[in-house]
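We name chains A, B, ... by the order of the sequence lines, and we start the count at 1 in each one.
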Amino acid sequence: MADNGQEESQCRIKEGDYVVLKRGDIFKAVQIQPKKKVIFEKQWFFLDNAVGHLYSTTFEIVSGGTLQPQRTKSTESCSDSKEAGTDNRNIVDDGKSQKLTRDDIEMLKEQGLKGQEIIQQLIDNSSTFRDKTEYAQDKYIKKKKKKYENTVTILRPSCRILAMMYHGREPGKICHLRYDTLAQMLTLGNIHAGSKVLVFETCAGLVLGAVMERMGGYGSVIQMYPGGGPVRAGVESFGFPAHFHDTLHEFPICHVNALLAGTLHSTAKDPSTDEKQPNIVADNAQNQLEAAQQGGAEEQSMETSTGDDADQDLEKKEKEKRREAKAQEKKMKLEEKQKKLAAAASLLACRNADGLVIASRFHPCPVLMGLLKFLSPSRPFVVYSQYKEPLVECYTKLKECGGTVNLRLTDTWLRHYQVLPNRTHPLLLMSGGGGYLLSGTTVAMDHSKPAGSQQAEEPAPKRQKLTDTEG
Amino acid sequence: MSFVEYGDFIQDGDVAIIYLGHDSMMPIKVQQGAQTQTRYGVIRHSTDLIGQRYGSKVTCSKGGWVHVLHPTPEIWTVSLPHRTQILYTTDISIITMMLELKPGSIVCESGTGSGSLSHAILRTIAPTGHLHTVEFHQQRAEKVAEEFKEHRVDHLVTVRNQDVCKDGFGVTGVADAVFLDIPSPWEAVGHAKAAMKKQGGRLCSFSPCIEQVQRMCEALADQGFQEISTMEVLLRVHDVRTVSLPLPDFGPESSVQTEPKTKDEAPPTSAPNHPSFTLKTTTPPREMPGHTGYLTFATKPRT
């Protein structure tokens, strides 16, 4: 149809790809590396055999931890005998209904029986299975399938999958940001291609990756990061094409004040110069330094070696050379870092960003007040917090300072459903909360305060008069 | 100005949003020489709007003022003229994420309705994606096409006036995602499948009634869709309030030594000094939308 060869090849799993393993509702992000042992759901295996197969293929884990693409799905009709009871009045939980013992099952496993076959054995050896209602039988099979089936599906990563994976596996790493809350953030922030978005997050890079996915490699994303360096392991898991990373900039928040004061140039450079004194030299002096180092190295070797062992001398020289190369590399890296910092600074300096997304374990109030200054007027911002109170404080502060409209403090309620013929109902368990969001729109700052026509958005407390007189 | 690209200054022909106050916004077409009446007085487009920066405060003729905002799909959703029931940002957000929309996605949608979701889809799939939207009501289809033009997103969308259950989406094998908001979505599952790419894609169906969900899930399973999952998402708004809680007076404590003194000074009948505790908190609105619709998602496998 509309597929061409290139598109087809992109559907295949390649070495080095970042992928997501899936079994049921469990996900795990991994990279395809040769001979790398992967542990997933208490099972270990190698992904080598997956290379060349299409994404979304389901594999069976066979002995030795190798993957084998699963043949046509035959999971549906597990038991052919459609014998079923009408209710559970005759079923007694005496622990004797299953005739197979744990050892028997282990033996079946060792014989190399597939999950499907083990389940059939379990059914055949269950004295109560036939008396269970049809619904209960389904449930039984489903439960056993979960326990004994050893398949894994390899998926291409996406924001949907990674957000659900993090929420399910490591919610602490992403400040308990639920996937639907992340979804709200991306729309409330009007994240789209071609804009300039500031992101401040301590969610392992999930929020940053989600923003980058929505920008599709167009525009620029500036990660404002706390501490020594940006944390973004989660961004890797998205497996973005290389050019996406060209749109990603980073800026340490410890330099924000300097940037706003216009003194960034000096402050940002000082500490690094101290740190790397010998490597920081003017570009034109580079050759001189190299020569000097070489000379120094020679001198040193003269002094330390006895001088008669030429081999050792050579080795030393080699060593020096390597060290020099390393120093050079370090210097390049530092220069690169400086350049990147300068690039990010110049992006910020115009104070015309199109969006601001905050999701961190820090108190959101100073972060928001500090970063809001970089937005153009009439642009959305959205702040996530696991707790409501800090956002109430942000709200109050913004009301005091002005410069924003459309402020809204919200959270979302999410419920999943079981949909089956005659058995449709909400799932028994649901998430208790997905965190809170404060969203709003910037407007031009108003310095004179004329008697406005707009009412304060918060109505005065009812007993105002009473409290006033009481002081 | 465009719904998929920010502009800094208001220009002739733009659609701008007049922010009148909390939850009160009004989209206007900016035209040289035109005027707009608001409850705070008249806004003259040529002098008050054109050339001004988006986000500026504009003083109206009666002395009141408003802010003029750049349009976004989210603001459009809360200010657009309703021709049908519409989807709101909470549902739109989860639809966008669960359908895995991003720049370059090809999307099919039916029905178009008032275009609330369509604008959000267009924002997300621009600049390289495309939306094929099908609406069986002719006037609605025409009206929404007109709006897409005014909002400068018409190059990203094809509006078709046909019945998706009978005639499908008008495209085959191209879509990464399909969205259905129609009374009998199960009748369109086959067309949805046909519209989707060979390598697969995502589908979403929005239905207010559980019976619709039930039939839809059966139809999806019959057509070989996988990962069928139904959910419901609701928005809870928290209104920030300062509240003052009066503290009860239990009378003077007997153990206190100054007991006789207080007794003399403060007869309980005329105590003006009601101590109270003031705090910032949030309150839920008295009523909130408690149901919009069930969202059923599914994956079409490679065929």
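- Both the backbone and the side chain of B:L69 come within contact range of chain A, judged by heavy atoms closer than 4.5 Å.
- Note that OH of B:Y40 is 8.0 Å distant from CH2 of B:W65, once rounded to the nearest 0.5 Å.
- Interface residue B:Q214: backbone and side-chain heavy atoms are both found under 4.5 Å from chain A.
- Between chain A and the options B:R215, B:H70, B:R39, heavy-atom pairs under 4.5 Å are most frequent for B:H70.
- B:Y19 and B:H67 have tilted rings, their planes meeting at an angle from 30° to 60° on a 0 to 90° scale.
- With B:Y6 as the aromatic partner, A:R379 meets the cation-pi criteria of under 6.0 angstrom to the ring centre and within 45 degrees of the ring axis.
- Here the side chains of B:F9 and B:M1 are not in contact, with every heavy-atom distance at 4.5 Å or above.
- Ranking B:T96, B:I95, B:T124, B:L99 against chain A, the residue ahead of the rest is B:T96, based on heavy-atom pairs under 4.5 Å.
- Atom SG in A:C159 sits 6.5 Å away from atom CG in A:L206 (nearest 0.5 Å).
- Contact count against chain B (heavy-atom pairs under 4.5 Å) is highest for A:D354 among A:N352, A:D180, A:D354.
- Only the side chain of B:R53 comes within contact range of chain A, judged by heavy atoms closer than 4.5 Å.
- Heavy-atom proximity under 4.5 angstrom to chain B picks out A:Y436 from residues 432-440 of chain A.
- For chain A, the nearby part of B:R202 is the side chain; its heavy atoms alone come within less than 4.5 Å.
- Looking at A:L54, the atoms closer than 4.5 Å to chain B (heavy atoms on both sides) all sit in the side chain, from C-beta outward.
- For chain A, the nearby parts of B:T90 are the backbone and the side chain; heavy atoms of each come within less than 4.5 Å.
- Neither the backbone nor the side chain of A:M185 has a heavy atom closer than 4.5 Å to any heavy atom of chain B.
- Separating the CE atom in A:M164 from the CZ atom in A:R178 is a distance of 11.0 Å, to the nearest 0.5 Å.
- Aromatic ring orientation, B:W76 versus B:H151: perpendicular (interplanar angle above 60°, classes split at 30° and 60°).
- Each of B:V174, B:V171, B:I106 was checked for a side-chain contact (heavy atoms from CB on, under 4.5 Å) with B:H130, and the lone residue meeting it is B:I106.
- Under the 6.0 Å cut-off for aromatic ring centres, B:F169 and B:H132 do not qualify, their centroids lying 6.0 Å or more apart.
- Only the side chain of A:T441 has a heavy atom closer than 4.5 Å to any heavy atom of chain B.
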| said: Assess the residue pair B:H291 and B:Y294 against the criterion (ring pair (Phe, Tyr, Trp, His ring centres under 6.0 Å)); give the C-alpha distance rounded to whole Å, side-chain angles, the decisive distance to 0.1 Å, and a yes or no. | reply: CA-CA 8 Å; B:H291 181 64; B:Y294 300 104; 4.9 Å; yes
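- Taking the ring centroids of A:H192 and B:F3, they lie at or beyond the 6.0 Å cut-off.
- Heavy atoms closer than 4.5 Å to chain A are found nowhere in B:T59, neither backbone nor side chain.
- Looking only at heavy-atom pairs under 4.5 Å with chain B, the residue among A:L427, A:V392, A:T442, A:N190 that has the most is A:N190.
- Within the 4.5 angstrom heavy-atom criterion, no atom of B:A120 approaches chain A.
- Your options are A:E393, A:H416, A:R408, and the one with the most heavy-atom pairs under 4.5 Å with chain B is A:H416.
- With a 4.5 Å cut-off on non-hydrogen atoms, A:K196 does not touch chain B at all.
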B:K300 vs B:T303, side-chain hydrogen bond (donor to acceptor under 3.5 Å, both in side chains): CA-CA, chis, key distance, verdict: CA-CA 8 Å; B:K300 183 196 98 86; B:T303 39; 2.7 Å; yes
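- Rounding to the nearest 0.5 Å gives a distance of 9.0 Å between CG of B:L235 and OG of B:S93.
- For the residue pair B:E74 / B:T89, no side-chain donor-acceptor distance below 3.5 Å is found, with atom types taken as modelled.
- Most heavy-atom pairs under 4.5 Å with chain A, from the set B:E227, B:M231, B:R236: that is B:R236.
- B:R302 has its side chain within reach of A:C11: a pair of non-hydrogen atoms, C-beta onward, lies under 4.5 Å apart.
- Within the 4.5 angstrom heavy-atom criterion, no atom of B:I17 approaches chain A.
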